[in-house]
Protein chains: 2
Amino acid sequence: MSNPDNLPRKAPVALEDCGAARALDVVPDRWTWLILRHLMYGVGRFADIQDDIGIPKSVLSARLAALVDQGLADKQPYRDGTARTRHAYVLTRKGRGLVPVILALMHWGDTHLKDGESALALTDRRTGAPLRVALTPEDAALPLRRLRYRPVQGRTG
Amino acid sequence: MSNPDNLPRKAPVALEDCGAARALDVVPDRWTWLILRHLMYGVGRFADIQDDIGIPKSVLSARLAALVDQGLADKQPYRDGTARTRHAYVLTRKGRGLVPVILALMHWGDTHLKDGESALALTDRRTGAPLRVALTPEDAALPLRRLRYRPVQGRTG
DNA sequence: AAGGCTGAGTTCATTTGTCAAACCCTGATA
DNA sequence: TATCAGGGTTTGACAAATGAACTCAGCCTT
């Protein structure tokens, strides 16, 4: 984005004015991102998240509380069959807004840390066309509700 | 992405196969993201980064070494005017690949943590059209070299 | 040649956060 | 009434972050 000579000495946007910098106060660490990834898939039960990502219970508890606190997730009661009432964490609208960030990160990881193939296919729910999160003209941006994802079979690593 | 009943109990993609999860091993924390943000703007000198984001020198040193180690940044010598040879950290291609992630995060922060106005305007270098990082059909995705950014005046918070 | 300045670190003591295991609480069921 | 399981909280050992002090090398001045 710049050659080594004639280097800018400071960022064009100060940290206080930068949405990315502010977002990092809300989602500062690896665990929080991994939790959000699970919530994105609708996996919202405490034990399910804990088992899958291997986070200590105390940390998961703190992170979930922070997410609820900041309005990214809600703690909702639900009933599974005949059992008693349980609770699940569900993304709010604000939390769902981070889905493109996670998908952009996934695309980068698939491209640069794997073989370039994603384990998740993204398509347009309406047209079936393949989708990505990428730089695009504003008027070509699609709303999240158009997104359908499907795991790709047989790809491992 | 799912209603509370009939919850999925696990993510459709295992962590080992997920590009996002792998990416988080490379960029696990707030400091690393803030450093990448500066490198994105071409701010690559140790002291400039340190002063601007308020990171302890020991941590900055370790993070920059990790970024170089993982091939996201290079340490390049350069000369500024009559002074002696210095070094600056510059994103590699792999590192530049994270720019859309940072821009997506910025968009989310601008929308949900500020007043919805960005402090940075993104336009198409060729057509001048406003750009965003968003969900889009694959064939509407633009390469990064089409991106031009310009700080927006007078907006503070 | 001696001394000083500066950018870019390293070292170190202290505080803070993470981890895993053990414990607790609540509501449904036997 | 006792028991059981999910969903936590508490605990104490351990690792990482912090900020101040220190180091080091190269250029600049004298």
Side-chain angles (χ1 to χ4, degrees), chain A residues 4-10 15 21 24-35 38-39 42-69 73-90, chain B residues 4-10 15 21 24-36 38-39 42-70 73-90:
Chain A
D5 298 317
N6 194 23
L7 277 179
R9 306 295 306 270
K10 55 191 282 299
L15 281 198
L24 290 169
D25 294 334
V26 175
V27 192
D29 66 3
R30 195 178 101 89
W31 288 132
T32 305
W33 284 112
L34 289 177
I35 293 165
H38 268 65
L39 298 184
V43 179
R45 291 153 71 135
F46 192 95
D48 292 345
I49 298 172
Q50 202 218 325
D51 293 349
D52 205 7
I53 70 181
I55 188 177
K57 294 172 99 177
S58 51
V59 177
L60 178 55
S61 179
R63 294 293 181 280
L64 284 172
L67 288 176
V68 170
D69 214 58
D74 281 336
K75 187 178 184 174
Q76 293 187 356
Y78 72 97
R79 227 147 319 240
D80 61 347
T82 60
R84 81 201 239 203
T85 300
R86 303 212 168 285
H87 293 269
Y89 295 87
V90 177
Chain B
D5 297 318
N6 194 25
L7 276 180
R9 306 295 306 271
K10 55 191 282 300
L15 281 199
L24 290 169
D25 294 333
V26 175
V27 192
D29 65 5
R30 196 177 101 90
W31 288 133
T32 305
W33 285 113
L34 290 177
I35 292 164
L36 286 171
H38 267 64
L39 298 185
V43 179
R45 290 151 74 134
F46 193 95
D48 292 345
I49 298 172
Q50 201 219 327
D51 292 348
D52 204 7
I53 71 181
I55 187 177
K57 295 171 98 176
S58 50
V59 179
L60 177 55
S61 179
R63 293 293 181 280
L64 285 172
L67 288 176
V68 170
D69 214 57
Q70 281 164 326
D74 282 335
K75 187 177 183 174
Q76 292 187 358
Y78 73 96
R79 228 147 316 236
D80 61 346
T82 58
R84 81 202 235 202
T85 299
R86 303 214 167 282
H87 292 269
Y89 294 86
V90 177

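Treat the numbers as computed from the prediction; the structure is a model and nothing was measured.
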Protein and nucleotides 8-12 of chain C: nitrogen or oxygen contacts under 3.5 angstrom:
from   : atom 1 : to      : atom 2 : distance (Å)
C/dA8  : OP2    : B/Ala47 : N      : 3.3
C/dG9  : OP1    : B/Lys75 : NZ     : 3.2
C/dG9  : OP2    : B/Tyr89 : OH     : 3.0
C/dG9  : N7     : B/Lys57 : NZ     : 2.8
C/dG9  : O6     : B/Lys57 : NZ     : 2.8
C/dT10 : OP2    : B/Ser61 : OG     : 2.7

Could you go through nucleotides 14-17 of chain C and list every protein N or O atom that sits under 3.5 Å from one of its N or O atoms, giving the distance for each pair?
none

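Atom CG of A/Leu64 sits about 7.0 Å away from atom CG of A/Leu39, to the nearest 0.5 Å.
No donor-acceptor contact under 3.5 angstrom links the side chains of B/Asp48 and B/His38, judged on distance only.
Summarising the geometry, the separation between CZ on B/Arg9 and C1' on D/dG6 is reported as 10 Å, rounded to the nearest angstrom. We find that CG of B/Asp29 is positioned 7 Å from P of D/dA17, with the value rounded to whole Å. Rounded to whole angstrom, the span from the CD1 atom of B/Ile55 across to the P atom of D/dT18 amounts to 7 Å. B/Asp51 has its CG atom 9 Å from the P atom of C/dG7, to the nearest Å.
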Can A/Lys57 and A/Gln50 be said to form a side chain to side chain contact (heavy atoms under 4.5 Å, CB included), step by step?
-> CA-CA 7 Å; A/Lys57 294 172 99 177; A/Gln50 202 218 325; 3.3 Å; yes
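Two residues are said to be in side-chain contact when any heavy atoms from C-beta on lie closer than 4.5 Å; A/His87 and A/Gln76 fail this criterion. Between A/Leu60 and A/Ile55 there is a side-chain heavy-atom pair separated by less than 4.5 Å. You'll find the side chain of B/Val27 stays beyond 4.5 Å of the side chain of A/Arg30, heavy atoms only. Contact of the B/Pro28 side chain with the B/Trp33 side chain is not registered, since no non-hydrogen atoms from C-beta on lie closer than 4.5 Å.
Distances shown here put every side-chain N or O of B/Trp31 at or beyond 4.0 Å from the OP1 or OP2 atom of D/dA16.
Of the listed residues (B/Ile53, B/Asp52, B/Asp51), just one forms a side-chain contact (heavy atoms from CB on, under 4.5 Å) with B/Ile49, and that residue is B/Ile53.
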